[in-house]
Amino acid sequence: MTDPVSLITSRNPTDPSDVVLRTPAPGAFAVADAVERARAAQSDWLHDGAAARSAALGAVATAIEAAGIELAALAVREVGKPLTEARAEVARTVAIWRYYAQAPYEPAGAVHEPAAGPGLLLTRRRPYGVAGLITPWNFPFAIPSWKAAPALAAGNAVVLKPAPEATACAVRLAEIVQQALPAGVFTVLPGAATEGNALVSAADVVSFTGSTTVGRTVARAATARGVPVQAEMGGLNAALVLPDADIAQAAAHIAASIAGYAGQKCTATSRVIAVGAALDPLREALCEALRAVPVGDPADPATVAGPLIDQRARDQVTDARHGLDAPAGATVPDGPGWYAPPTLVEKVPAGHRLLNAEVFGPIAALLPADDLAHAVRITNSVPYGLVTSVHTTDLNAALGGLDGLDTGMIRINAPSTGVDFHLPFGGTKASSHGPREQGRAALEFYTSSRTITLSPAGTT
């Protein structure tokens, strides 16, 4: 018995008539088979030892680096990522694999003295088996890598289900990874909801990045099976600007976080909270910065904001800004691409979608706050809690006044966008579920801890 065949189609968002890839979705039974093959390959992968795993991950890094020009061009074509950002993502991907290539040599546990008598108490971390990874389209190389590399370093096998919009990128990444790894240890399966659900139902540990609605479904399904799960979901991130801030610098950082990659990042800024006297100068500087954002062909190295990923995404941005006061908006090129102008809006009524839900586009609301405490309350008033950027020269405000922020990450005098892959990544509330990913936190997530009591033979 086989599943009905459906097609996965990936289009160039700059020119939707350009079909990047069209492939049959494998169906749920194929996913289950892939997981079983991965499970069979995982034992040898683990027992080959730290040196073999380290060398393999290092070889992946070298191969990705060698293919960097090709991979960046593919990200430009398939997901509309501006060329400069695409190159930076490939470089980050290389760094991720090199970072985790050292992880197999890290301690896998600790030794403790028993409370009484001879013997030893040991803790040891061991891989779960098969890691099921479900990834989005907006970072088509980096996100699959920062999930797969630590899972593999710890001795797991990996089955990856990428977003349909980034299928070509995932297939090419898999080709590179598979050349360095034993057969069956890394598998990519194109697909949509059917394949994603099947993977969650079969894998031994699950990591998801995507929308909050789907992430909650994934978390419930994995939890019901009793398998570890993490879900990185939406964001409705704020930039707080205090009156003492360097307004020009703050405006530049915020404009980049609103408009970069057309706002299609979970860490993008979608609310700008101006404290007290910062409001008027910030509005002027931010409007000027947004009007100057280069919007156009993502293949042009000067482009900051390219197209939205598809028609639905552009319509969502258009609907969100409808009827609102928009003091600034960049111009967009004529042509077939799904472009939306980077826009700042004001006087957003309470209950408006921009203040409650992630739009995932180049639009942000400018909001006034009476003081820092008021700004913190506004920041915390949304269902999400991923990242907050704060712009101030006051060290007391930066270190003490922001303790009340209910976000997983705080970036001071820096854009809200940007990820340090060697540190934990994640948020609070509807932004994240489960343990953090990236850095050493990822190695802990993909392994279980065992406590071992070792007593000498003949003791009682």
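For reference, positions follow the sequence shown, starting with 1.
- Atom CD1 of I69 has 12 or fewer heavy atoms from other residues, nucleotides or ligands within 6.0 Å.
- Contact of the T217 side chain with the V200 side chain is not registered, since no non-hydrogen atoms from C-beta on lie closer than 4.5 Å.
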### Task
Could you give me the CA-CA distance, side-chain angles and deciding distance for E65 and R98, then say whether salt bridge (charged side-chain N to carboxylate O under 4.0 Å, His left out) is met?
CA-CA 11 Å; E65 188 171 42; R98 285 192 173 142; 2.7 Å; yes
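- By the 4.5 Å heavy-atom criterion applied to side chains, T407 and V387 are not counted as neighbours.
- Not a single donor-acceptor pair under 3.5 Å links the side chain of K147 to the backbone N or O of V158.
- D18 and R77 are joined by a salt bridge, as a carboxylate oxygen and a charged side-chain nitrogen come within less than 4.0 angstrom of each other.
- In terms of the salt bridge (Lys or Arg N to Asp or Glu O under 4.0 Å) criterion, R87 has no residue partners (sequence neighbours excluded).
- In this structure, the separation between CD1 on I8 and CG on L189 is 11.0 Å, given to the nearest 0.5 Å.
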What pairs of donor and acceptor atoms, side-chain ones from residues 19-38 against any protein atom, are under 3.5 angstrom apart with sequence neighbours left out?
unit_1	atom_1	unit_2	atom_2	d
R22	NE	T9	OG1	3.2
E36	OE2	R39	NH1	2.5

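- Residues V205 and V229 are not in side-chain contact: their nearest non-hydrogen atoms beyond the backbone lie 4.5 Å or more apart.
- Within the 3.5 Å criterion, the main-chain N or O of G385 finds a donor-acceptor partner in the side chain of T428.
- Residues passing the side-chain contact (heavy atoms from CB on, under 4.5 Å) test with P336 are D15, P16, sequence neighbours excluded.
- When all heavy atoms of A268 and G263 are compared, the pair lying nearest together is CB-O, 3.7 Å.
- Contact detail for Y261 and G80: the closest heavy-atom pair is CE1-O, 3.6 Å.
- Taking both residues in full, the closest heavy atoms of P13 and P307 are given as O-CB, 3.6 Å, listed atom of the first, atom of the second, then distance.
- For residues 148-171, no pair satisfies side-chain hydrogen bond (donor to acceptor under 3.5 Å, both in side chains), with sequence neighbours left out.
- Using the six-membered ring where Trp is involved, Y99 and F421 have ring planes that are perpendicular, over 60° apart on the 30 and 60° scheme.
- In this structure, D319 has no salt bridge (Lys or Arg N to Asp or Glu O under 4.0 Å) partners at least two apart in sequence or on a different chain.
- Counting heavy atoms from C-beta on, the side chains of T343 and L290 never come closer than 4.5 Å.
- In terms of modelled atom types and a separation under 3.5 Å, the side chain of S431 and the main chain of G234 share a donor-acceptor contact.
- Looking at T303, its side chain never comes within 3.5 Å of a backbone N or O of V295 through a donor-acceptor pair.
- Counting heavy atoms from C-beta outward, V345 and L354 have side chains that approach closer than 4.5 Å.
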### Task
Start with the C-alpha gap between Q311 and R11, add the side-chain angles, then the distance that decides, and say whether side chain to side chain donor-acceptor pair (under 3.5 Å) holds.
CA-CA 11 Å; Q311 178 70 48; R11 297 181 182 275; over 6 Å; no
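- Residues satisfying the salt bridge (Lys or Arg N to Asp or Glu O under 4.0 Å) test with R440, not counting sequence neighbours, are E106.
- Looking at R172 and E175, a side-chain N of the basic residue comes within less than 4.0 Å of a carboxylate O on the acidic one, giving a salt bridge.
- When atom types are taken as modelled, the side chain of R220 and the backbone of G215 share no donor-acceptor pair closer than 3.5 angstrom.
- Taking CZ of R53 as the start and CG of D48 as the end, the distance is 8.5 Å to the nearest 0.5 Å.
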### L199 vs V159, side-chain contact (heavy atoms from CB on, under 4.5 Å): CA-CA, chis, key distance, verdict
CA-CA 8 Å; L199 184 55; V159 177; 3.8 Å; yes
### Query
When you look at V390 and L405, which way does the side-chain contact (heavy atoms from CB on, under 4.5 Å) test go after all the steps?
CA-CA 11 Å; V390 182; L405 285 173; 4.3 Å; yes
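- In terms of the salt bridge (Lys or Arg N to Asp or Glu O under 4.0 Å) criterion, residue partners of K81 (sequence neighbours excluded) are, by chain and number, E89.
- D204 contributes atom CG, which lies 10.5 Å from atom OG of S448 (distance to the nearest 0.5 angstrom).
- With R436 contributing its side chain and G427 its backbone, the two residues share a donor-acceptor pair below 3.5 Å.
- A donor-acceptor pair under 3.5 Å links the side-chain atoms of S201 to the main chain of N197, judged by distance alone.
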Identify each donor-acceptor pair in which a side-chain atom of residues 356-364 lies under 3.5 Å from a protein atom, sequence neighbours left out, and give them as a table.
unit_1	atom_1	unit_2	atom_2	d
N356	ND2	H352	O	3.0
E358	OE2	G235	N	3.1

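- Taking each heavy atom of Q42 and P127 in turn, the nearest pair found is NE2-CG, 3.7 Å.
- In this structure, I134 and T209 have side chains that are not in contact, with every pair of non-hydrogen atoms separated by 4.5 Å or more.
- The main-chain N or O of T14 is found under 3.5 Å from a side-chain atom of N12 such that the two form a donor-acceptor pair.
- No side-chain heavy atom of I254 sits under 4.5 Å from any side-chain heavy atom of S257.
- The nearest pair of heavy atoms linking L46 to A154 is CD1-O, 4.2 Å.
- Within the structure, side-chain hydrogen bond (donor to acceptor under 3.5 Å, both in side chains) pairs that include any residue of residues 121-135 comprise R125-T447 (at least two apart or interchain).
- Once rounded to the nearest 0.5 Å, the distance linking OG of S145 with OH of Y100 reads 11.0 Å.
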### Task
Decide yes or no on side-chain contact (heavy atoms from CB on, under 4.5 Å) for L181 and V60, but give the supporting numbers first.
CA-CA 9 Å; L181 270 60; V60 171; 4.0 Å; yes
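- Using a 4.5 Å heavy-atom cutoff, the side chains of H391 and S389 are in contact.
- Partners of T453 by side-chain hydrogen bond (donor to acceptor under 3.5 Å, both in side chains), not counting sequence neighbours: none found.
- Annotation: the span from E232 atom CD to Q230 atom CD amounts to 6.5 Å, rounded to 0.5 Å.
- Remark: the T269 side chain and the S416 side chain contain an N/O donor-acceptor pair separated by less than 3.5 Å.
- For A313, the side-chain contact (heavy atoms from CB on, under 4.5 Å) partners two or more places apart in sequence, or in a different chain, are L308, I309, D310.
- At least one donor-acceptor pair closer than 3.5 Å links the side chain of E195 to the backbone N or O of A192.
- Not one N or O on the side chain of E437 forms a donor-acceptor pair closer than 3.5 Å with the backbone of P424.
- For the pair S54 and A101, the tightest heavy-atom approach, listed with the atom from each and the gap, is OG-O, 2.6 Å.
- Listed by chain and number, the residues in a side-chain contact (heavy atoms from CB on, under 4.5 Å) with A299 are V76, D297 (sequence neighbours excluded).
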### Task
For the pair E78 and W137, evaluate side-chain contact (heavy atoms from CB on, under 4.5 Å) and give the outcome as yes or no after the intermediate values.
CA-CA 9 Å; E78 186 172 38; W137 50 263; over 6 Å; no
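- In this structure, E85 pairs ionically with K265, as a charged nitrogen and a carboxylate oxygen lie closer than 4.0 Å.
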